[in-house]
There are 2 protein chains.
Amino acid sequence: MAIHKKDAFTQKEQGLAFFAKALSHPARIAILKVLAQRNECICGELVDLLPLAQSTVSQHLKELKNAGLINGETDGPRSCFCINWKAFEKFNAEFNFLFANLKVKNEKACC
Amino acid sequence: MAIHKKDAFTQKEQGLAFFAKALSHPARIAILKVLAQRNECICGELVDLLPLAQSTVSQHLKELKNAGLINGETDGPRSCFCINWKAFEKFNAEFNFLFANLKVKNEKACC
DNA sequence: ATCTTATATCGCGAATATACGATTAATAAA
DNA sequence: TTTATTAATCGTATATTCGCGATATAAGAT
């Protein structure tokens with residue numbers, strides 16, 4: 001009863017979907033926004049900035065890290081995170097590859 | 001027992017997350033790719049192009065339409081869909097607003 | 001050694017998402 | 001009118017996500 005048959009799709013399709021999934025929750029968008037607005041790693045603070053419990057924030061951070069969107073180090077009772085801009089560039093590139101460069105010739109309206 | 005407390009986040013954060021959610025499944029990426037590669041609405045065909053059952057494809061189309069990513073009309077036993085490029089532009093704009101324009105000053109590496 | 005602090009992980013309940021087959025709906029074709 | 005054809009919807013099983021409290025972990029402070 002193979003639910004989730006994502007393997008029936010191409011690597012590019014899976015990759016883009018995987019990336020989008022990481023962005024698909026407002027809490028993760030909010031975390032990324034905070035990280036993007038600073039010039040340094042954020043150590044702590046994040047829990048205070050979000051309307052979520054500490055364990056929940058930690059989970060979202062884990063997902064973002066798993067998706068490669070953020071880098072992080074955990075030194076004992078303190079952990080630091082910052083955005084991985086290269087991953088964002090990669091996403092933009094793939095996204096544009098699939099859609100944006102096709103846009104011009106499709107400008108005409110259909111339905 | 002408010003699960004999914006997305007209302008605790010800003011409209012922009014929710015909007016971007018909602019859009020990303022629509023892109024977060026390879027089947028939907030594949031559908032959008034097909035629609036993008038044509039100059040016209042696609043009437044039918046989609047089910048044949050995807051490794052999914054008809055009802056499943058229909059569900060994904062519904063989600064894409066609900067997210068505003070595609071336009072569609074259903075005339076009796078035939079339905080047509082095409083990409084809504086304006087929605088893509090809006091996504092790009094919001095995405096860049098939150099992240100890309102912050103990138104330059106953050107180019108330095110941290111962790 | 002003990003206490004404090006900050007983070008990660010575990011376990012659970014509730015909500016969503018995925019997928020399919022079966023059914024319904026709506027038009028075209030006979 | 002009856003018969004296809006095509007797409008949407010319903011019902012359902014299963015998987016995944018979300019959120020939290022409780023617990024574990026790991027280092028610094030006392």
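Order of the sequence lines sets the chain letters (A, B, ...), proteins ahead of strands, with each chain counted from 1.
The shortest distance between side-chain heavy atoms of B:I29 and A:L16 falls below 4.5 Å. Side-chain contact between B:L49 and B:I42 is absent, with no heavy-atom pair separated by less than 4.5 Å. Residues A:F81 and A:I31 fail the side-chain proximity criterion, which asks for heavy atoms closer than 4.5 Å. Side chains of A:N84 and A:L69 form no contact here, defined as non-hydrogen atoms less than 4.5 Å apart.
Nucleic acid contact class of A:E63 (heavy atoms, under 4.0 Å, all strands): sugar-phosphate only.
Residues from residues 50-62 of chain A placing a heavy atom under 4.0 Å of any atom in DNA chain D, listed by number, are A:L52, A:A53, A:S55, A:T56, A:Q59, A:H60. Of the residues in residues 16-27 of chain A, those with a non-hydrogen atom less than 4.0 angstrom from any atom of DNA chain D are A:K21, A:H25.
Across the protein-nucleic acid pair, A:H4 atom NE2 and D:dT17 atom C1' stand 10 Å apart, rounded to whole Å. Atom-to-atom, CG of A:D7 to C1' of C:dT18 comes out at 14 Å; the value is rounded to the nearest Å. Rounded to a whole Å, the CD atom of A:E73 is 14 Å from the P atom of D:dA27. Atoms CG (A:L64) and C1' (D:dC18) sit 14 Å apart, rounded to a whole Å. Look at CG on A:L46: it is 9 Å from P on C:dT7, rounded to the nearest Å. Atom CD1 of B:I29 is separated from atom P of C:dT18 by 12 Å (rounded to the nearest Å). Per the geometry, NZ belonging to B:K5 stands 16 Å off C1' belonging to D:dT17, to the nearest Å. Spacing between atom CD of B:Q14 and atom P of D:dC18 amounts to 14 Å, rounded to whole angstrom units.
Taking only side-chain nitrogens and oxygens, B:R78 never comes nearer than 4.0 Å to OP1 or OP2 of C:dA26. Using a 4.0 Å cut-off, some side-chain N or O of A:T74 falls inside it from OP1 or OP2 of C:dA8.
Comment: A:R78 does not engage A:E73 in a salt bridge, judged by the lack of any side-chain N to carboxylate O separation of less than 4.0 angstrom. B:R28 has a carboxylate O that lies under 4.0 Å from a charged side-chain N of B:E63, or vice versa, which qualifies the two as a salt bridge.
With axes fitted over five pairs at each extremity, the angle between the ends of the helix from C:dA1-D:dT30 to C:dA30-D:dT1 is 10° (10° resolution).
The aromatic rings of A:H60 and A:H25 sit tilted, their planes meeting at an angle between 30° and 60°.
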**OP:** Take A:E94 and A:K12, measure what salt bridge (charged side-chain N to carboxylate O under 4.0 Å, His left out) needs, and give me the verdict at the end.
**Re:** CA-CA 8 Å; A:E94 286 189 23; A:K12 281 213 160 134; over 6 Å; no

Original post:
Can you check side-chain contact (heavy atoms from CB on, under 4.5 Å) on B:L52 and A:K5, steps first, answer last?
Top reply: CA-CA 9 Å; B:L52 297 170; A:K5 33 198 315 193; 3.6 Å; yes

Subject >> Pair A:T56-A:Q59, side chain to side chain donor-acceptor pair (under 3.5 Å): steps then yes or no >> reply: CA-CA 5 Å; A:T56 307; A:Q59 240 183 350; 5.4 Å; no

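Between B:C43 and B:C80, the two SG sulfurs come within 2.5 Å of each other, short of that mark.
A centroid separation of 6.0 Å or more is found between the aromatic rings of A:F18 and A:F91.
Both A:G44 and A:K6 sit near DNA chain C, but only A:G44 has its closest nucleotide nearer the 5' end.
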